[in-house]
Amino acid sequence: MGGALRVACVQVNAGTEIAGNLTAAGDLIRRARDAGASFIATPENVSMIVQGRDKVLARVRPEADHPGFPFFADLAKETGAWLLAGSLGVLLDDGRVANRSVLFDDQGRVAARYDKIHMFDVDLKGGESYRESATFRPGERAVLASTPWGGLGMTVCYDVRFAALYRALAQAGASLVTVPAAFTVPTGRAHWHVLLRARAIETGCFVLAPAQTGTHDAGRRTYGHSLIISPWGEVLADAEDEVGFVTADLDLDQVAEVRGMVPSLRHDRPFEVTRL
């Protein structure tokens, strides 16, 4: 699909309490809507950031009881914008948690759900260590959502390091991709812009990457720099490291234009890896 679309990425500094985090995100969403955005995306863990399995499990709720769902549904209906709740922690029947990205249409209906596939289990220099798989259950399916502006590929944070996921979404029909995130500062400084620009270039998609910023529970720090990137890999907006939002006007015809110039999505060839 072609045409024009104004989008916004909201950048927040989530704390430990869901109600306050939702209120803060809601204020920024309304401001972004007043600035003309028809599609507004929020970061990973938009409703809370806490460190440690026990703290997470003490706060998460099943989807039916999670306050984030009616909050974003009502806000989408109020503003008439499509909203992405970057991710909400949803308690599952097996006692684990889904890191669930949820898309709401302009009537407040859930248009799509995506559970983060790739778990952030890493040890960084300086002593930072993360074990998402100790608390979260990885998703098992990629999600391509239908929107008035074309197919939307839904991903979350650490997924960005797995290029095959984005290629599959683009080949399935995505023209936009969302990457809500809570990137650490060390990996953000080194890789955030490079990875997101690469995913846009490889797929010929617009990339929307709303991010957490600042210092959180137990001293965790996130990188910020919410980005909106064109299919040619140009950074159209960068929120730097302050709480707020950025907007950009997307020319959706650029997707077909860029893919016509570099039609790599049609050039897959089978091959084998030879070990010598």
Side-chain angles (χ1 to χ4, degrees), residues 1-5 7-9 37-44 46 63 69 72-73 76 81-88 90 98-119 137-181 195-210 227-233 248 250-260 262-268:
M1 294 185 184
L5 168 65
V7 299
C9 285
S38 297
F39 176 39
I40 303 167
T42 65
E44 180 183 27
V46 64
E63 183 171 314
F69 283 82
F72 284 107
W82 283 63
L83 300 181
L84 181 79
S87 78
L88 303 170
V90 176
N99 194 350
R100 181 165 296 169
S101 189
V102 187
L103 179 67
F104 295 85
D105 70 13
D106 56 359
Q107 300 301 307
R109 299 169 296 210
V110 173
R113 300 170 176 82
Y114 164 73
D115 291 352
K116 182 178 181 180
I117 292 173
H118 299 100
M119 297 288 98
R137 186 174 79 186
E140 297 180 343
R141 63 188 182 98
V143 172
L144 179 69
S146 297
T147 78
W149 311 286
L152 173 69
M154 299 173 67
T155 71
V156 175
C157 200
Y158 190 52
D159 285 333
V160 77
R161 295 184 180 275
F162 299 85
L165 172 60
Y166 294 82
R167 186 171 186 83
L169 288 167
Q171 290 176 327
S175 55
L176 303 98
V177 174
T178 48
V179 194
L195 285 170
L196 288 165
R197 292 186 65 208
R199 298 296 86 86
I201 292 165
E202 292 164 352
T203 63
C205 287
F206 285 99
V207 172
L208 282 67
L227 298 178
I228 303 171
I229 303 173
S230 81
W232 196 244
L250 311 187
D251 175 4
L252 298 174
D253 292 326
Q254 194 179 5
V255 173
E257 178 186 345
V258 166
R259 291 177 180 177
V262 186
S264 59
L265 291 173
R266 303 198 304 268
H267 288 169
D268 291 278

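- Every residue two or more places apart in sequence or in another chain that forms a side chain to side chain contact (heavy atoms under 4.5 Å, CB included) with Ser230 is listed here: Phe206, Trp232, Glu234, Leu236, Gln254.
- For the pair Cys157/Lys116, a side-chain contact is recorded, criterion being any heavy-atom separation below 4.5 Å from C-beta on.
- A 4.5 Å side-chain heavy-atom check between Val160 and Thr155 finds every atom pair outside the cut-off.
- By the 4.5 Å heavy-atom criterion applied to side chains, Cys9 and Leu227 are not counted as neighbours.
- Nearest approach of Ala181 to Pro43, heavy atoms of both residues: O-CB, 3.7 Å.
- For Gln171, the side chain to side chain contact (heavy atoms under 4.5 Å, CB included) partners two or more places apart in sequence, or in a different chain, are Arg167, Leu265, Asp268.
- Side chains of Val207 and Tyr166 form no contact here, defined as non-hydrogen atoms less than 4.5 Å apart.
- Between Trp82 and Ile40, every side-chain heavy-atom pair lies at or beyond the 4.5 Å cut-off.
- In terms of the side chain to side chain contact (heavy atoms under 4.5 Å, CB included) criterion, residue partners of Arg161 (sequence neighbours excluded) are, by chain and number, Tyr158, Phe183, Thr187, His191, Leu195.
- Remark: the backbone N or O of Tyr114 is not paired with any side-chain donor or acceptor of Arg141 at under 3.5 angstrom.
- Not counting sequence neighbours, Phe39 has no partner by the ring-ring contact (aromatic ring centres under 6.0 Å, His included) test.
- In this structure Ser87 satisfies the side chain to side chain donor-acceptor pair (under 3.5 Å) test together with Asn99, sequence neighbours excluded.
- Annotation: salt bridge (charged side-chain N to carboxylate O under 4.0 Å, His left out) contacts involving residues 144-155, sequence neighbours excluded, are absent.
- At a threshold of 4.5 Å between non-hydrogen side-chain atoms, the residues Ile228 and Leu250 count as touching.
- In this view, Arg100 and Glu63, Asp115 satisfy the side chain to side chain donor-acceptor pair (under 3.5 Å) rule, not counting sequence neighbours.
- Residues passing the side chain to side chain contact (heavy atoms under 4.5 Å, CB included) test with Ala112, sequence neighbours excluded: Leu103, Val143, Ala145, Met154.
- Heavy atoms only, all atoms of each residue included: Ala41 and Pro210 are closest at O-CB, 3.5 Å.
- The two residues Gly153 and Leu144 come nearest to each other via the heavy atoms N-CD1, 4.0 Å.
- Listed here is the closest heavy atom pair of Ile229 and Ala200: CG2-CB, 3.7 Å.
- Closest approach of Gly3 and Asp253 over heavy atoms only: N-OD1, 3.6 Å.
- To the nearest 0.5 Å, atom OG1 of residue Thr203 and atom CG of residue Leu169 are 9.0 Å apart.
- A donor-acceptor distance shorter than 3.5 angstrom exists from the side chain of Thr42 to the backbone of Leu84, with no hydrogens or angles considered.
- Within the structure, salt bridge (charged side-chain N to carboxylate O under 4.0 Å, His left out) contacts touching residues 198-210 (residues at least two apart or in different chains) are Arg199-Glu202.
- Counting heavy atoms from C-beta outward, Val46 and Pro180 have side chains that stay 4.5 Å or more apart.
- Across every non-hydrogen atom of Phe72 and Phe104, the tightest pair is CB-CE1, 3.5 Å.
- Annotation: side chain to side chain donor-acceptor pair (under 3.5 Å) contacts of Asp106 (sequence neighbours excluded): none.
- Listed by chain and number, the residues in a side chain to side chain donor-acceptor pair (under 3.5 Å) with Arg137 are Asp94 (sequence neighbours excluded).
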